[in-house]
Amino acid sequence: MEVTLKRGDITTGRAGAVVLGILEGGAPLDGAAAAFDRRLSGAIARLRRRGDVTGRFLETVVLYPAWPRAPRLVLVGLGRRAELDAARVRLAAAAAARRARDIGAGSLATVAHGAGRGGLNAEVAAAATVEGAMLGAYRFTAYRSDAGARPLERVELVERDAAAAEAMAPAVARAAGAARATCLARDLANTPGQDLTPDGLAARAREIAGLAGATIEVLGIPQMERLGMGALLAVGRGSPHEPCFIVLEYSGTGSRAGGARSRTVEVAVRPGARVPRRDPRGDTRRDARLRVSPARAPRETPRDTVVLIGKGVTFDTGGISLKPRENMHRMKGDMSGAAAVLGVFSALPALALPFRVVGLIPSAENMPGSRALKPGDIVRALDGTTIEVTNTDAEGRLLLADALGYARRLAPAAVVDIATLTGSITLALGHAAAGLFTGDDRLADALIAAGEASGERLWRMPLWDAYAPEMRGDTADLVNSAAREGGACLAAIFLRHFAGDMPWAHLDIAGMAWAGSERPHEARGATGFGARLLLEWLSRRASAAATPTWGAAPASSAV
Ligand code: BES
Ligand code: MN
Ligand code: ZN
């Protein structure tokens, strides 16, 4: 989908449909709605008086004015002004875009909902409008013989005021990038397990890294053996599709001259193992408008590394501890964490980050093949910890254990893992928020704030020492599964062992990665949850790195 921002008058543009937001309540129409109303001799005002158009949140009404440049008008309810916020704008824009798509409009033009009388900041409103429209129009049609109504191919945001349009541009570009990242993550997680095995995931990761200007290395079985990734290897043993470990590296482009170029990812490995190579590419800044200006040079040192780890189980049968048959097909989405990380990488060039980002994706298919891991087997993780596998269905934490061990060797400034880890988190939080586990209050606050801003919500869960004894083993150091009660917390405390003293957070997205019912911005199926949240967190971290009140200033900095 193409997204454009145009300065001009929406009543003179050309589009398959024009979308106008309508506030609930008696206030007269304003902005674009008023302008259109005038052109239509008061038709919209009449419909409001009659009660056919109320502006109730998410109400959509389609008009077919005799208006050659815009044959369809979609009026979408924004609800009451007092309740209007970015999240509501996102949802309203999504509902309208879906409606426009379903009536075959092909393209839409709209204004930033909520920016005028709605009282929202114009950039926030513009970003939420674009993001909502892109998310709402998404459909996964790769396997349909009849794809249905034609897709929405173009979204045009129109702004009257030149200065406002200019101010909106970077926010719109970032929003479009983030929504595209979400749709990419959805595509990956919706793809059946037959067509997205670990090597298939690695192939997609290669494409994405290539487009984004990131380096990538995919470790196969021999390399993982040399590194001692016994836990990840064990999970992959029951499948004919070999496991792999994907390492992506994006060198920040927003740092001062030379900084980004000279960096390498250095991993202490046993002899014979290969280390990820440094980034050979040139400058990949795609959008000069999004660059961090030299005046805001980062205070985070150029060598700082942020690690994102995504669970990449391409299908989870449970293994020998086989899952029940109901809804097992959804386990094709057990690589949603990996999909979110790949979505993030696809959008990184627009962020100009002053630090490097390393993505780690441990990938395996959890199958009950004849060589499969058995309950009672003991595996040795990369850091030397032995784990008795009491349940082969608790496979995610096994592969994350090795990824965390690998991350420790990068001495990162922060590590976030994202995983469809436990059914238990859904019992706790339902489908309203993902679980956040961390012992680091600053990291927690930053992630929660990014969640609120992106509309991908997090709720902090406990990571108390009290959970630890349950995960201790009799025959090995740890067990991978214990009581049902507090299952999400037990999984998190298991991971904490491998995170050691890194600044680390764990996101359990099992309740958020899959939409069982339709919402305006989410079709049924994979949601792509996490990509927008993590992009928001990274870009906030980048701005924080550039403000004088945060972090230690390098000795040579001239402020
Ligand atoms: N992939 C599942 C978790 C999951 C469940 C994701 C439902 C999405 C929807 C994970 O590997 C798993 O099977 N977890 C077990 C852990 C248990 C065996 C300790 C669970 O939650 O039941
Ligand atoms: Mn499982
Ligand atoms: Zn799983």
Salt-bridge contact Arg81-Glu83 (side-chain N to carboxylate O under 4.0 Å): no

Steps toward side chain to side chain contact (heavy atoms under 4.5 Å, CB included) verdict (Leu108, Glu156): CA-CA 6 Å; Leu108 70 78; Glu156 187 170 87; over 6 Å; no

Heavy-atom closest contact (Tyr138 atom, Ala523 atom, distance): O-CB, 4.2 Å

Which atom pairs, donor and acceptor, lie under 3.5 Å between side-chain atoms of residues 118-126 and protein residues at least two apart or in another chain?
unit_1 : atom_1 : unit_2 : atom_2 : d
Asn121 : OD1    : Glu123 : N      : 2.8
Asn121 : OD1    : Val124 : N      : 3.0

Distance in Å, Arg186 CZ paired with Phe140 CZ, rounded so as to fall on 0.5 Å steps: 12.5 Å

Pair Val344-Leu308, side chain to side chain contact (heavy atoms under 4.5 Å, CB included): steps then yes or no: CA-CA 9 Å; Val344 167; Leu308 303 176; 3.8 Å; yes

pair Arg356-Tyr250: side-chain heavy atoms closer than 4.5 Å: no

Candidate list Leu360, Val306, Ile309, Val358, test side chain to side chain contact (heavy atoms under 4.5 Å, CB included), partner Val415, passing option: Ile309

Short side-chain to backbone donor-acceptor contact, Thr12 and Gly8, under 3.5 Å: no

Side chains of Arg139 and Arg101 in contact at under 4.5 Å (non-hydrogen atoms): yes

Backbone N/O of Ile448 and side chain of Arg457: donor-acceptor pair under 3.5 Å: no

For Trp514 against Ala189, the heavy-atom pair lying closest together: CZ3-O, 4.4 Å

Nearest atoms (heavy-atom pairs only) where Ala181 meets Gly343: CB-O, 3.1 Å

For the student: nearest non-hydrogen atoms of Cys183 and Leu135, plus distance: SG-CD2, 4.5 Å

Value rounded to 0.5 Å, distance of CG in Leu91 from NE2 in His113: 11.5 Å

Least distance between heavy atoms, Arg180 atom then Glu2 atom: NH2-CA, 4.4 Å

Backbone of Leu157 reached by a side-chain donor or acceptor of Thr110 within 3.5 Å: no

Derivation and outcome, salt bridge (Lys or Arg N to Asp or Glu O under 4.0 Å), residues Glu518 and Arg98: CA-CA 11 Å; Glu518 193 163 288; Arg98 182 173 301 201; 2.6 Å; yes

Student check: side-chain heavy atoms of Thr129 and Val172 closer than 4.5 Å: no

Side-chain touch Leu63/Leu47, heavy atoms, less than 4.5 angstrom: yes

Check: Asp417 side chain, Ala419 main-chain N or O, donor-acceptor pair, under 3.5 Å: no

Point-to-point distance, once rounded to the nearest 0.5 Å, from CG of Leu421 to CD1 of Ile509: 10.0 Å

Ionic contact status for Lys6 with Glu159, cut-off 4.0 Å: no

Inter-residue atom distance Leu184.CG - Ser346.OG, 0.5 Å rounding: 5.0 Å

NZ/NE/NH1/NH2 to OD/OE distance under 4.0 Å, Glu24 and Arg56: no

Side-chain heavy-atom pair Leu534, Val416 within 4.5 angstrom cut-off: yes

Lys/Arg-Asp/Glu bridge criterion (N-O < 4.0 Å) met for Lys311, Asp334: yes

Arg330 atom CZ: more than 12 heavy-atom contacts under 6.0 Å: yes

Spacing of CG belonging to Asn190 relative to CG belonging to Asp195, to within rounding of 0.5 Å: 12.5 Å

Student check: side-chain heavy atoms of Met134 and Val130 closer than 4.5 Å: yes

Whether Thr54 side chain and Gly51 backbone form a donor-acceptor pair below 3.5 Å: no

Under 3.5 Å donor-acceptor, Asp304 side chain and Ala413 backbone: no

Ion pair check, Asp52 and Arg50, cut-off under 4.0 Å: yes

Residue pair Ile425, Met461: steps toward the side chain to side chain contact (heavy atoms under 4.5 Å, CB included) verdict: CA-CA 9 Å; Ile425 196 67; Met461 299 284 293; 4.0 Å; yes

Neighbour count >12 (heavy atoms, 6.0 Å) for atom CZ, Arg160: no

Basic-acidic side-chain contact under 4.0 Å: Glu456, Arg532: yes

Check: Phe355 and Leu538 side chains under 4.5 Å, non-hydrogen atoms: yes

Distance-only criterion, 3.5 Å: show the donor-acceptor pairs between side-chain atoms of residues 163-170 and protein atoms not counting sequence neighbours.
none

Using atom types as modelled, flag every donor-acceptor pair under 3.5 Å from a side chain in residues 69-80 to any protein atom, sequence neighbours excluded.
unit_1 : atom_1 : unit_2 : atom_2 : d
Arg69  : NH1    : Thr11  : O      : 3.4
Arg72  : NH1    : Gly16  : O      : 2.8

Sidechain-backbone polar pair: Thr527 side chain, Met512 backbone, donor-acceptor under 3.5 Å: yes

Exam field: side chain Arg90 to backbone Glu131, donor-acceptor pair closer than 3.5 Å: no

Phe36 vs Pro65 side-chain heavy atoms within contact, under 4.5 Å: no

Within 45° cone and under 6.0 Å: Arg460 NZ/CZ vs Phe437 ring: no

Chi angles and distances behind the side chain to side chain contact (heavy atoms under 4.5 Å, CB included) call for Ser539, Arg541: CA-CA 5 Å; Ser539 68; Arg541 199 175 163 88; over 6 Å; no

Nearest-0.5 Å distance that lies between atom OG1 in Thr314 and atom CG in Leu188: 12.0 Å

Closest heavy-atom pair and its distance - Ala347, Leu535: CB-CD1, 3.7 Å

